[in-house]
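Every chain is numbered from 1 and lettered A, B, ... according to where its sequence line falls, protein lines coming before strand lines. As a basis for the values below, the full set of heavy atoms in this structure was taken, side chains included, without hydrogen atoms, waters or symmetry mates.
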Number of protein chains: 2
Amino acid sequence: MPTLTKTDGVALYVQVRETLREQIKSGLFAPGQKLPSEDELSSQFGVSRMTVRQGISDLTDEGVLYRRRGIGTFVTQFHVERDHNKLTGFSDTAKAEGFEGKVQLLSREVVPAKLMVAKALALHETEPVIRIQTLRWANDVPVTVYDEYVPYKLCHELLQEDLRSRAAWEILETYGYTIKRAVQKIEARLADTDLATLLNLEENAPILYKHRIILAEDGAPVELILCYNRGDGYSVKMTLVR
Amino acid sequence: MPTLTKTDGVALYVQVRETLREQIKSGLFAPGQKLPSEDELSSQFGVSRMTVRQGISDLTDEGVLYRRRGIGTFVTQFHVERDHNKLTGFSDTAKAEGFEGKVQLLSREVVPAKLMVAKALALHETEPVIRIQTLRWANDVPVTVYDEYVPYKLCHELLQEDLRSRAAWEILETYGYTIKRAVQKIEARLADTDLATLLNLEENAPILYKHRIILAEDGAPVELILCYNRGDGYSVKMTLVR
DNA sequence: GCACTATATTTGTCTAGTCAAAATAAGTCT
DNA sequence: AGACTTATTTTGACTAGACAAATATAGTGC
């Protein structure tokens, strides 16, 4: 059994969770297989049962394990990719999916908020917002047009920052804002002339449109992103829970 | 303070959670406001602090509350609708969204699994699957074409069941299968002639295409749904977590 | 063989504490 | 006034137990 350390600052339940995840990934616990009971694990790891439970709970939430009262804890059969519904940056996604990502800045300006933007960002109309338009490339193919809006009062430094590797909300994180979640709405649309030109498509080609609001820890909206993805070859993945 | 009952079979932490949710909804705790400390709540509710914490943790996972160590627990500012990423049936959705839903059965037959279907359902090619095609209406407008596949060996009774109110996976639940999650892929496409006719659209109108695999508790796929939504007026909502 | 019963196993819930870490507020010294 | 220290509050992590509920298993009686 692997030994846990009590002094390196990593919580014991996190060490338990990651140890189990590693053992599952390595095949020590195969899909469908029953794990040792919580009592057994707690004595093997040398921690209390509640600590083991916290680690296991994280993995059941992720869908790696499932529990059945009176029977035991099991590894789920088919490990579909599980990290959907995660808010990740473009460069991280590029790295994970294995393509070369490039961001081309189209424009950056301070403009008064349109009604739609003001509504999404809980501002008054005509309040100044920073608007950033970018074109994103994957392996030298233009895939997405980004139209981002951030309240000017939130972070005027955004006008100087380098935008080629990070989205605006990732920069906001470095200024002390804690980004916790985002809500987005997905629709199917058709490319207008401008979009078609930028994305190198024919007019009326299918476009996956995303309306995304980035929320800080306290639930306050910090950014609005309107996102136009070319329809061919692009898809959004998500998991639904009963 | 509301009294919790120890005998009605509802876990105390669930009662704490729902009491807090009700108090927040009623405005007793306003957005941005600080909740009483966990110690205080535990003495007010008459339960241990760990029990209070479990209730609060559920609400932070939902995004209703957020905690800051050393400071306190707070109500999030803007209550965006939170029940995204939930797997719900068509009639439940209709009820929640407030439209009249109707399901029209187009065809139901047993066919050998195509490669794509076999792959999604972890079957061998040509294994028999039940294919169900339906057209779904909202307020007498055709909005979605459903193309569902269920392994024949899983539940042949599906050939007799009434499909007008429930999706196949909802019927599987009544046969003892525990549905826990689904993974789906969303794309933007164009309507072909058949789809355009069914959905009363012009050809090449935008279509939101969903490829959804329903998974049982143990992670085994029990159903594949190919879903074609008309693009105008239809959108998928989801939340992303950092 | 079949229905029922007792027993052991395992997860779910809960308690009553402890200590640590982070943030705030008050007080103290220079 | 400003920097530093100290005490207080609050959440985070953890322990070592307890009992309940669900399931499986073995045994018993007919």
Colleague: To the nearest Å, how far apart are A:M50 CE and D:dA18 C1'?
Modeller: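 Going from CE in A:M50 over to C1' in D:dA18 covers 12 Å.
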Colleague: Let me know the distance between CZ of A:R17 and C1' of D:dC14, rounded to the nearest Å.
Modeller: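 Rounded to whole Å, this separation is 16 Å.
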Colleague: Look at A:T51 and D:dA13 and indicate whether a side-chain polar atom (N or O) is within less than 4.0 Å of OP1 or OP2.
Modeller: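 So the side chain of A:T51 is outside the cut-off, no N or O lying under 4.0 Å from OP1 or OP2 of D:dA13.
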Colleague: Are A:S57 and A:T60 close enough that a side-chain donor and a side-chain acceptor fall under 3.5 Å?
Modeller: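 No, A:T60 and A:S57 have no side-chain donor paired with an acceptor closer than 3.5 Å.
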Colleague: Who pairs with B:S91 by side-chain hydrogen bond (donor to acceptor under 3.5 Å, both in side chains), at least two apart in sequence or on another chain?
Modeller: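 B:S91: no side-chain hydrogen bond (donor to acceptor under 3.5 Å, both in side chains) contacts found.
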Colleague: Tell me which donor-acceptor pairs under 3.5 Å the side chains of residues 210-226 of chain A have, and how far apart each pair is, sequence neighbours excluded?
Modeller:
residue : atom : partner : partner atom : Å
A:K210  : NZ   : A:Y234  : OH           : 3.1
A:R212  : NE   : A:Q184  : OE1          : 2.7
A:R212  : NH2  : A:Q184  : OE1          : 3.0
A:D218  : OD1  : A:A220  : N            : 3.1
A:E223  : OE1  : A:W169  : N            : 3.1

Colleague: Please evaluate residues B:R242 and A:E173 with respect to the criterion salt bridge (Lys or Arg N to Asp or Glu O under 4.0 Å), reporting the C-alpha separation (whole Å), side-chain torsions for both, the decisive distance (0.1 Å), and the verdict.
Modeller: CA-CA 11 Å; B:R242 179 92 178 103; A:E173 281 184 324; 2.8 Å; yes
Colleague: How many whole angstroms separate atom OH of B:Y13 from atom P of D:dA20?
Modeller: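 Answer to the nearest Å: 18 Å.
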Colleague: Using a strict cut-off of less than 4.0 Å between a Lys/Arg side-chain nitrogen and an Asp/Glu carboxylate oxygen, indicate whether A:R21 and A:E62 qualify as a salt bridge.
Modeller: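 Yes, A:R21 and A:E62 are salt-bridged.
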Colleague: Let me know the distance between CG of A:D58 and P of D:dG12, rounded to the nearest Å.
Modeller: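 From A:D58 CG to D:dG12 P: 14 Å.
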Colleague: Within this structure, what is the CD-to-P distance between A:Q54 and C:dT13, rounded to whole angstrom?
Modeller: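 Rounded to the whole Å, the gap is 15 Å.
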Colleague: Is there a donor-acceptor pair closer than 3.5 Å between any side-chain N or O of B:Q133 and the backbone N or O of B:R108?
Modeller: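 No; judged by distance alone, with no hydrogens or angles, the pair does not exist.
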Colleague: Rounding to a whole Å, what distance do you find between B:I56:CD1 and D:dA13:C1'?
Modeller: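 After rounding, the gap between these two atoms is 16 Å.
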Colleague: For a quick check, with a 4.0 angstrom heavy-atom cut-off, what is the B/S/- contact string for nucleotides 3-11 of chain D, read 5' to 3'?
Modeller: ------BBB
